[in-house]
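Since we're looking at a predicted model, the values are computed, not measured. Reminder, nothing fancy here: chain letters follow the sequence lines and each chain counts from 1.
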Amino acid sequence: MNKVKLTIDDKQIEVEKGTTIYKAAKQLEIEIPVLCYMNLEGLNIENKPGGCRICVVEVEGRNNLAPSCSTEVWDGMVVHTHTMRVINARRTVMEFILSDHPKDCLTCAKSGNCDLQNMAVKLGIREIPGQEYAEMSKYKTDFSPSIIRELDKCIMCRRCEMMCNDFQTVGALSAFHRGFQAAVGPAFEMDIEDSPCTYCGQCVAVCPTGALTEKDHTRDVINALSDPTKKVIVQTAPAVRAALGEEFGMEPGTLVTGKMVSALRRLGFDYVFDTDFAADLTIMEEGTELLDRLTKFLAGDKKVKLPILTSCCPAWVSFFEHNFPEMKDIPSTARSPQQMFGAIAKTYFADKISTKREDLVVVSIMPCLAKKYEAQRDEFKVNGNPDVDFSISTRELAHLIKEANLDLNKLPDEDFDKPLGESSGAAVIFGTTGGVIEAAVRTAYELHTGIKLDKLDFEQLRGFEAIRKATVDFDGTPINIGIAHGLGNARKLLEEIKAGKSEFHAIEIMSCPGGCIGGGGQPTHHGDSSILKARAKAIYAEDAGKPIRKSHENPYIIKLYEEFLGKPMSEKAHHLLHTCYFDKSRKIEID
Amino acid sequence: MITNLGGFKMSQHKQIRIALNNCGVIDPENIKEYIARDGYVALGKCLTEMKPQDVINEIKESGLRGRGGGGFPTGLKWEIASKNHADQKYVVCNADEGDPGAFMDRSILEGDPHAVLEAMAICGYSMGATKGLVYIRAEYPLAIKRLKVAIEQAREYGLLGKKLFETDFDFDIELRYGAGAFVCGEETSLIHSMEGLRGEPTIKPPYPAEKGYLGKPTNVNNVETYANIPIILRKGASWFNKIGTEKSKGTKVFALAGKVKNVGLVEVPMGTTLREVIYEIGGGIENDKKFKAVQTGGPSGGCLTEKHLDTPIDFDNLLAAGSMMGSGGMIVMDEDNCMVSVAKFYLDFTVEESCGKCSPCRIGNKRLYELLDRITQGKGELSDLQRLRNMSLVIKDTSLCGLGQTSPNPVLSTLDNFYDEYLAHVTDKKCPSGECKDLMTYFVIEENCVGCTACARVCPVGAITGEKKEVHYINPEICIKCGACEERCKFDAIIVK
Amino acid sequence: MTKIKTLADLERIKNELRSELDLESGLLNSENAVKIKVGMGTSGIASGAKDVMDFLIEALEKRNIEAIVSQTGDMGYSYAEPTIEVQKPGKDPVVFGDVDIKKADLIIEKYIKLGEELQGVIPVNYQTIDN
């Protein structure tokens with residue numbers, strides 16, 4: 001007997017035992033409003049603390065109202081989702097929540113995209129009784145290079161805490177204080193910069209209000225674009241084109257590459273380039289590094305560090321710097337595509353257009369908030385001048401486009417500028433989990449075996465499972481590949497390596513659910529994981545449609561090596577395209 | 001309903017000491033004294049003569065209900081835990097007593113710690129647990145010390161540890177300290193706190209009996225519940241269940257406090273009336289003032305009035321009267337107590353002690369408090385009373401755990417029983433008991449005033465004017481109601497009302 | 001330390017103790033000794049019970065009165081802390097409330113030495129399971 005029958009709003013349904021009232025109602029197409037609850041289906045990410053109490057329903061025979069998100073059904077249960085008692089309770093609870101929430105919606109970064117605002121609209125809240133004498137909780141605003149925390153706006157939904165602890169295992173956020181003063185933040189109310197935060201931005205991605213937002217750089221970008229003495233270059237990450245359209249009402253999964261280029265050109269960028277170009281460059285460097293280590297390993301060199309770990313994801317880099325500093329020689333030393341692009345733009349390309357480094361401004365459009373932090377790391381600056389000046393998120397780009405009165409839907413498709421705008425399909429799939437390693441395999445395979453691949457789609461590397469394993473046959477040499485998205489999943493693979501039990505030769509790690517398409521800078525998914533899947537699909541579609549699908553076949557990459565870098569892992573390449581990692585572990589002293 | 005005294009004499013003594021049997025009698029730091037009063041006989045009997053199910057049956061038959069407040073049948077709780085199989089199970093003693101003015105559990109632990117240890121071992125045997133944990137608040141250093149001594153001594157005597165009474169049953173007990181959060185008296189919060197997590201509740205089910213400490217089946221009872229166990233097993237369920245009322249067996253310990261002459265610990269059979277406790281044991285109201293209300297159940301309970309005085313105390317009667325048994329706090333109020341202020345006092349406590357997890361408790365209680373505060377300042381309006389009630393009902397209806405589900409009870413019960421007093425505050429801007437300072441006005445009685453100017457000189461804010469040898473005047477706009485003038489006046493010329 | 005292994009062990013130890021202990025008072029039995037128990041719960045101690053206990057031990061010894069002073073838990077009379085129970089040989093125990101050092105001195109001098117009645121006796125107001 002694993003089925004139970006119940007009645008919801010006079011409709012009968014049979015569901016699996018253990019189903020919650022909310023999910024059972026959903027099957028009946030009865031929508032119960034939820035606020036703190038969030039379920040990214042298929043990703044094993046579910047937040048149901050039962051804290052907001054908006055989703056309460058009446059259950060016959062029960063004294064008080066039941067939170068539908070977390071109450072399991074039983075056989076014969078009779079549920080009423082919208083009685084007057086329920087409606088009054090929801091409204092009163094909502095009034096409570098709003099009575100302790102700032103009313104600065106006009107200028108709030110989340111306005112228009114705020115779950116709390118939407119709920120207030122849905123429940124028809126028009127006034128908050130007693131607001132004039134209601135005390136509001138006050139906290140200091142915490143600024144960091146990537147994330148801004150305005151805890152006055154925190155409604156204790158605990159989504160960020162769940163993402164940070166359960167999914168990412170970063171442990172930077174937890175509830176502190178109690179009662180009316182309770183909020184979520186780093187321990188001892190320290191600043192986020194002093195915490196083990198990796199700036200993955202998943203807390204921002206799930207925050208239903210404006211309590212957690214990105215550090216906005218649109219003003220800096222406008223200033224740069226308005227400055228006639230500056231040449232402003234923009235690079236766009238692969239995941240951006242698969243999500244930007246959502247901000248303009250397009251279906252999730254709509255590719256807007258050409259329209260995005262067109263918009264950027266109209267915004268006044270002097271050169272519209274593609275981070276994908278640098279992704280191809282990453283594959284040349286990282287792939288070569290992999291082959292180098294692999295060849296030595298196969299030749300019996302016991303000192304060589306395997307598995308090699310990808311290093312494109314800045315949150316992941318921070319994560320191992322904080323949590324596994326003893327393993328900082330294992331990841332590839334290759335810089336991320338954003339930083340490779342910046343380094344090439346401010347050297348190779350600056351020379352080409354005979355412009356001084358100081359007169360060039362490199363802006364990156366990223367699905368990511370950690371990229372903001374990465375861009376300002378000291379090792380990526382030359383005499384204090386950063387390789388990438390400003391990194392803005394997909395959301396910030398959407399704001400800029402809207403502000404400039406451009407309707408993305410109506411813009412013509414245009415192409416990236418040359419030379420740093422040319423890329424292969426391999427670079428495009430960097431935007432989704434499994435993509436970096438697939439791109440690396442395409443190149444490493446051909447360079448290692450000398451055989452041309454018939455089939456470029458490595459289906460075994462794709463998908464949304466938390467940890468994936470695959471073995472690719474390199475013409476007789478089986479190469480074991482591991483893939484993890486989410487730092488909690490990455491931690492599992494790292495623990496294996498630490499214990500000497502890892503079977504892998506190469507591991508790809510991305511911090512965000514689904515990879516960069518689910519990044520902290522992307523349009524808000526509001527807990528709908530089908531959006532992430534649609535974006536991934538779009539990424540693979542873009543790859544499939546590209547004339548060149550292998551990084552080492554990108555003619556402008558070939559030219560870059562010929563004209564400038566020499567060969568992968570050359571001294572110049574080392575200087576410009578590789579980096580080193582730091583021990584950022586810290587002990588907290590408690591007096 | 002007639003209180004059944006079991007085998008006890010109808011005597012002038014209303015109290016029967018079962019849970020407090022050894023309190024104030026034995027030296028709690030000497031296990032010999034406990035053994036001399038038949039200590040550990042019940043454990044020996046259970047281990048050598050009874051099957052675990054027999055023990056559970058005996059407790060079920062005794063009719064013992066949880067003394068922590070909920071009143072859940074103890075035997076049934078043990079049975080559920082016994083039926084959930086796992087490699088490890090836990091017995092937990094909830095010693096996180098936190099109701100304002102309540103100290104029953106502390107007294108038992110300080111006066112008779114072995115009774116609790118023995119009961120926990122018995123519970124462990126009945127449900128198949130080998131490990132016991134006492135969750136005790138760190139603010140109880142003496143109880144902690146005596147528990148530690150008791151555990152040490154019990155281990156020395158082989159009454160805790162391996163192979164107790166030469167059976168295969170092992171049982172040992174450790175202490176876990178609470179940091180003084182009231183909500184950690186709620187069993188899921190308590191378990192989270194013991195696990196080192198934030199002390200906040202989670203939704204039940206799963207109940208601790210299924211998934212408790214470290215995810216294992218766990219039985220949580222409070223101190224007083226355990227203190228009853230050895231005696232029940234020694235004297236038999238049929239001895240115990242003759243005491244008390246039909247649905248509430250045995251006795252209940254109360255911490256009698258407030259405006260009553262003999263404040264202290266009392267233990268009375270269930271079914272004893274409030275009047276008997278307050279007037280016969282408590283000796284009546286202090287200074288022979290008029291009785292106004294009695295608050296039971298701590299911040300979760302309600303205020304009962306004159307008309308409830310002859311209510312026999314038991315779980316169901318108190319609930320029906322709009323209060324609850326709670327863990328045993330009993331605070332008596334007299335005519336000088338303002339009931340709005342009483343409600344405000346409890347809300348202040350709840351606001352402080354809410355964990356903040358769910359919105360109605362975190363914010364709603366704060367709003368209730370603010371509204372009550374305004375009413376006591378004379379800023380309330382008639383419509384506020386309706387809002388008070390609505391907010392209270394919604395907080396009860398929607399809160400996550402027992403704390404929020406009961407925190408508005410002091411408001412609702414005072415609204416029900418003392419509505420006129422609320423009305424006086426919001427419509428006449430008067431506090432009938434005179435407790436709300438903001439609603440008082442100081443007057444000069446003209447015929448008594450001789451114009452000595454003493455009051456004007458002592459007034460810290462210069463609110464009093466008047467020529468020498470002439471009648472003085474207190475400006476209510478300036479007066480801060482400090483009372484200095486009234487104290488200074490030798491002619492009873494200043495009154496407050 | 002002998003471990004208790006059976007119910008019989010418990011009974012034996014209990015009987016051994018019984019011969020040493022006076023069950024009524026729960027104190028070591030000595031026929032001619034005055035037995036005094038001081039309520040040493042938190043509230044008793046907070047009201048000064050520890051000082052009273054120290055005083056009693058010292059004063060009784062100095063005044064050559066054979067007595068056994070021991071601590072016990074809260075007797076329940078919070079309104080009259082500190083409380084002590086005094087049992088003279090062959091007499092029923094008597095509980096005194098509000099015992100400060102001055103009163104303790106009075107109890108020794110008047111009640112214990114002379115058998116005079118004193119104010120502040122708290123009558124027993126409960127039944128126990130044994131009666």
Side-chain angles (χ1 to χ4, degrees), chain B residues 5 8-9 11-18 20-30 32-33 35-41 44-45 48-49 103 106-108 110-112 140-143 146 156-159 161 163 165-166 231 235 255-257 260-267 281 283, chain C residues 1-29 37-46 50 68-81 83-85 93 95 97 122-131:
Chain B
L5 292 173
F8 290 93
K9 290 176 281 193
S11 78
Q12 75 277 26
H13 303 325
K14 297 289 179 199
Q15 296 199 63
I16 296 177
R17 291 198 167 177
I18 296 176
L20 298 177
N21 179 37
N22 291 327
C23 262
V25 177
I26 63 166
D27 179 350
E29 295 185 38
N30 185 352
K32 288 184 188 175
E33 295 199 11
I35 292 173
R37 282 175 66 91
D38 292 322
Y40 290 103
V41 167
K45 204 168 113 184
T48 57
E49 294 170 8
F103 53 94
R106 189 190 72 202
S107 300
I108 291 171
E110 286 175 0
D112 193 13
Y140 280 1
L142 186 64
R146 289 189 180 156
E156 276 174 27
Y157 275 75
L159 295 165
K163 297 200 175 299
F165 287 89
E166 289 203 309
I231 294 173
K235 296 247 179 197
L256 187 60
V260 68
K261 282 178 187 155
N262 303 337
V263 298
L265 277 186
V266 303
E267 181 171 357
I281 300 171
Chain C
M1 184 61 59
T2 26
K3 299 247 178 190
I4 292 167
K5 290 179 176 168
T6 61
L7 268 177
D9 279 351
L10 202 63
E11 189 63 23
R12 183 176 46 75
I13 289 187
K14 198 169 96 183
N15 285 335
E16 281 172 23
L17 296 169
R18 225 180 259 266
S19 61
E20 295 173 45
L21 285 168
D22 174 351
L23 261 187
E24 261 313 293
S25 65
L27 287 174
L28 286 169
N29 195 6
K37 290 191 256 187
V38 183
M40 293 269 274
T42 291
S43 44
I45 293 171
K50 210 165 181 316
I68 301 158
V69 182
S70 69
Q71 66 168 354
T72 187
D74 194 330
M75 297 184 195
Y77 313 109
S78 306
Y79 62 96
E81 293 284 7
T83 49
I84 68 170
E85 185 190 283
V95 176
I122 299 171
V124 175
N125 68 348
Y126 59 88
Q127 305 179 60
T128 68
I129 58 165
D130 301 312
N131 57 8

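Nearest heavy atoms, B:Phe165 versus C:Ile4: CE2-CG2, 4.0 Å. C:Ser78 and B:Gly264 make their closest contact through OG-CA, 3.2 Å (heavy atoms, listed as atom of the first residue, atom of the second, distance). Closest non-hydrogen pair, C:Thr72 versus B:Pro28, comes out as CA-CD, 3.8 Å.
With contacts defined as side-chain heavy-atom distances shorter than 4.5 Å, the pair C:Gln71/B:Arg146 qualifies. The side-chain heavy atoms of C:Lys37 and B:Val25, taken from C-beta on, include a pair separated by under 4.5 Å.
Residue B:Glu110 holds its CD atom at 10.5 Å from CE of C:Met40, rounded to the nearest 0.5 Å. Distance CG/B:Asp38 to CD1/C:Ile129: 8.0 Å, rounded to 0.5 Å. In this structure, OH on C:Tyr126 lies 13.5 Å from CD1 on B:Ile18, to the nearest 0.5 angstrom.
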- Query: Could you go step by step and tell me if B:Glu49 and C:Leu7 meet the side-chain contact (heavy atoms from CB on, under 4.5 Å) rule?
  - Reply: CA-CA 10 Å; B:Glu49 294 170 8; C:Leu7 268 177; 3.4 Å; yes
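In this structure, C:Thr128 contributes its side chain and B:Arg17 its backbone to no donor-acceptor pair below 3.5 Å.
Taking chain C as the reference chain and counting heavy-atom pairs below 4.5 Å, the highest number among B:Thr48, B:Asn22, B:Val41 is found for B:Val41. Counting heavy-atom pairs closer than 4.5 Å to chain B, the top-ranked of the candidates C:Leu10, C:Asp9, C:Thr6, C:Thr42 is C:Thr42. Per-residue heavy-atom pair counts under 4.5 Å with chain C were compared for B:Gly44, B:Gly39, B:Ala143, B:Gly111, and the maximum is reached by B:Gly44. Counting heavy-atom pairs under 4.5 Å between each of B:Ile281, B:Asn262, B:Leu265 and chain C puts B:Asn262 at the top.
Contacts of C:Ser43 with chain B are made by both backbone and side-chain atoms, with heavy-atom separations under 4.5 Å. Only the side chain of B:Phe103 comes within less than 4.5 Å of a heavy atom of chain C; its backbone N, CA, C and O stay farther away. For B:Leu159, the part lying near chain C is the side chain, with the backbone staying farther off; criterion is any non-hydrogen pair under 4.5 Å. Contact of C:Ile45 with chain B is made through the side chain alone, with heavy-atom distances under 4.5 Å. For a residue to count as touching a neighbouring chain, one of its non-hydrogen atoms must lie under 4.5 Å from one of that chain's; by this rule B:Leu256 does not touch chain C.
Within 6.0 Å of NZ in B:Lys261 there are more than 12 heavy atoms belonging to other residues, nucleotides or ligands.
Shown here are the salt bridge (Lys or Arg N to Asp or Glu O under 4.0 Å) partners of B:Lys45, two or more places apart in sequence or in another chain: there are none. Scanning for ring-ring contact (aromatic ring centres under 6.0 Å, His included) contacts around B:Tyr40 gives B:Tyr34, B:His114, with sequence neighbours left out.
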